[in-house]
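Below is one structure, written out as structure tokens; comments come after it.
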Amino acid sequence: MKASVNFMISSTQLLARKRQSIIAMLGVLFGIAMFIFMMSFMKGVNNYIQDTMLSAIPDIHIYNDIRTDYTTSVTGSWLHNDPQKMVIVHHPKPEKVRLNLKNADAILADLKTRPEIKVISPLLSTQVFFNYGSVQINGILDGVDILEESKIFGLHERMITGTPENLLTADKGVLLGQGLADKLNVAKGDLVTLATPEGTSMRFRVVGTFAFGLSTVDNIKAYVSLASVQQLLAKNHDYITDIRIKLHNIDAAKELAALFAKRYGYKSEDWESTNPSIKAGNMIRDSLTWVVCLTMLTVAGFGIYNIMNMVIASKMKDIAILKAQGFDGSDIRAIFLSQSLVIGVLGASLGLLLGFLLSYALSRVPFPKTEFTFMKYFPVVFDTRYYFAGAVFGILTTFLAGVLPARKAARVDPVTILRG
Amino acid sequence: MENTILKAERLNKSFTGPDPFQVLKDISLSVDKGEFITIVGKSGCGKSTLLYLLSTLDTDYQGTITINGSRLTGLKERDLARFRNEHIGFVFQFHFLLPEFTVLQNIMIPALKLGALPKDAIEHNAMQILRQMGIQDTALKPSGKLSGGQQQRVAIARALINNPGIIMADEPTGNLDSANTQIIFNIFQELSAHGNTIIAVTHDRDFAGRSDRIIEMKDGTINTTAEPAAPPAPCLEPEPLRAFPSSSLFP
Ligand SMILES: Nc1ncnc2c1ncn2[C@@H]1O[C@H](COP(=O)(O)OP(=O)(O)O)[C@@H](O)[C@H]1O
Ligand SMILES: [Mg+2]
């Protein structure tokens, strides 16, 4: 009963000055709408950039880091392991470096039992030279199971000519990065000669070209079948250097990578550690969004603060009358604070709606097409958490903006006012 | 005394500041239930100040005030507000209605605040008081659209809605023409006749003449307490505390 009469007074006063109330509300409305819009768009941009960068890197990468055991040395046996002698070797060099994963088959079998893993792609990678007339162009040759590789890196969408499956059907086929193919001046159907640093060489037929949109990949990389590289390097069929893994949930990468490192005894890296710039970029864009939105909300808050102060200054007499009739300070505070809150709740709700409409509209705007972008529309993410945060911020801002004027109103001395 | 509704003892009030000055000097006062008292005196002698003290709006004073057996001096703001709401009806010189509300809403607000009756009962009572004041047609008008005399009647109706123990008025006709002044005088007289306790500050000797007792103030003290020269015109039989149960003075 008591609360309802306060609210009755509050809402009647609010409606009596519609224009002022609407202006105060518009501040909150635009603040929240921009918050939603920018958050949704920025998150879309973050995801797009992350996807693009992640498209060229696996979630987890297991490989043999060159890490040589220097605790024993041939010098020791040369000196007959005399315990009286201490051996100090400067700049030791290893006897023999092995780059492959020794128990690759067992590791692959074990990984296949893990439910968190979506795709496993083994790799044998080597440096090669592409013969181009009299010069040789440096590149990387990846021997892969092209079906798995395609699943991890979405090769299908990145093919400029040919398809990944051509590798399976063609004898000694190769897929070239588009930039590399341009440099070598070859196209689908042409032959290229690849040479290893060890001196072996082999001829391959170009069965397709691809582009990731990253020159570091497109200008140096070529795909052939795993067996081809093993043959080129004269290795066994279980000789591989890397295992790349795609997970169902990329946020689990860090934890799993650590687990695999311990379990298999090889270097195991997650995408986050190898690409800190992705996270940093996300963070910078996120902070920017927050700063802009909080600034807008602060401005809206000051608008409400000003308007409420003006309202209260013009309502001194009414406050005195209400007090004379038995309303106490807390009632007066409730009356004016609820006016701010109504402005806040309405402004925030409409702001959420406008924010959604703007985000939706942007998500329907076609993205300018280029060779290297794979986006049809502007990237926008719809996430209920932003809407929840927007509502909380809008209401919190108006509450804070309303508290001080309402407290001032509560403290008005009715006698001073009634005396005139 | 059983019959005393208001008792003020040794009230002192000073304004501090650059020019300190004592407005009320040792004022003691006792009002019986059903009494109609007018306070007169020159402008600036402290009449309004005294009324603000008695109505509990002003708490910055020395002395004690007791109404209806409750000692009000020293109570918290919250309790005083509650007490005013229930027991004191206040009429100001400049009618002071809330401009955004209709006449009816203005009258109902103190009762809605009290919350003793359901809304439709309050509305019914408010309409009845309006009828007795002869301004029932204005019920749904915005209060700002009324003439001064009508507004003052609405203010009186509002003061009556919670059936208060005491009605206090600070120069209720100070701002009105003589026709409206007469109407207001009559209303007060009628209220008194029905057993309401009234304390009214006035400049008007004629009005004071109709009260049971005149308190004359001079420079912050009560000068004389005199019976009015002429006894008030006999009215209807007094009834306890219900304003205008039936007939109306204003056809
Ligand atoms: N806030 C104040 N500060 C100082 N003096 C005041 C204040 N309010 C009123 N006064 C003085 O107190 C005296 C009594 O005022 P008031 O009670 O309004 O007189 P009345 O109602 O009898 O005309 C006046 O002289 C007035 O100037
Ligand atoms: Mg006065």
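These numbers come from a predicted model, not from an experiment. Labels below follow one simple rule: chain letters A, B, ... track the order of the sequence lines, proteins then strands, and each chain is numbered from 1.
Neither the backbone nor the side chain of A:Arg17 comes within contact range of chain B; no heavy atom of the residue lies under 4.5 Å from a heavy atom of that chain. With a 4.5 angstrom heavy-atom cutoff, B:Phe96 touches chain A via backbone and side-chain atoms both. For A:Lys323, the parts lying near chain B are the backbone and the side chain together; criterion is any non-hydrogen pair under 4.5 Å. Both the backbone and the side chain of B:Thr49 come within contact range of chain A, judged by heavy atoms closer than 4.5 Å.
Side-chain atoms of A:Asn309 and A:Asn306 form no donor-acceptor pair, as typed in the model, at a separation below 3.5 Å.
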Open item on the list: Before you tell me yes or no, could you show the steps for B:Arg71 and B:Glu9 under salt bridge (Lys or Arg N to Asp or Glu O under 4.0 Å), namely the whole-Å CA-CA distance, both residues' side-chain angles and the distance that decides it to 0.1 Å?
Closed with: CA-CA 11 Å; B:Arg71 189 189 139 114; B:Glu9 282 170 300; over 6 Å; no
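Contact tally against chain A (heavy-atom pairs below 4.5 Å) for B:Leu57, B:Asn162, B:Leu97: the top residue is B:Leu57. With respect to chain B, the highest number of heavy-atom pairs below 4.5 Å among A:Val415, A:Leu322, A:Asp413, A:Leu15 belongs to A:Val415. When the candidates B:Ala81, B:Gly89, B:Ala159 are compared by the number of heavy-atom contacts under 4.5 Å with chain A, B:Ala81 comes out ahead.
Taking CD1 from B:Ile39 and CD1 from B:Ile215, the interatomic distance works out to 5.0 Å, rounded to the nearest 0.5 Å.
Within 6.0 Å of atom CZ in A:Arg364, more than 12 heavy atoms from other residues, nucleotides or ligands are found, so the atom counts as buried in its surroundings. In this structure, A:Phe399 places its CZ atom where only 12 or fewer heavy-atom neighbours from other residues, nucleotides or ligands lie under 6.0 Å away.
Scanning all heavy atoms of the two residues, the minimum distance from A:Arg333 to A:Arg407 falls at CD-CG, 3.8 Å.
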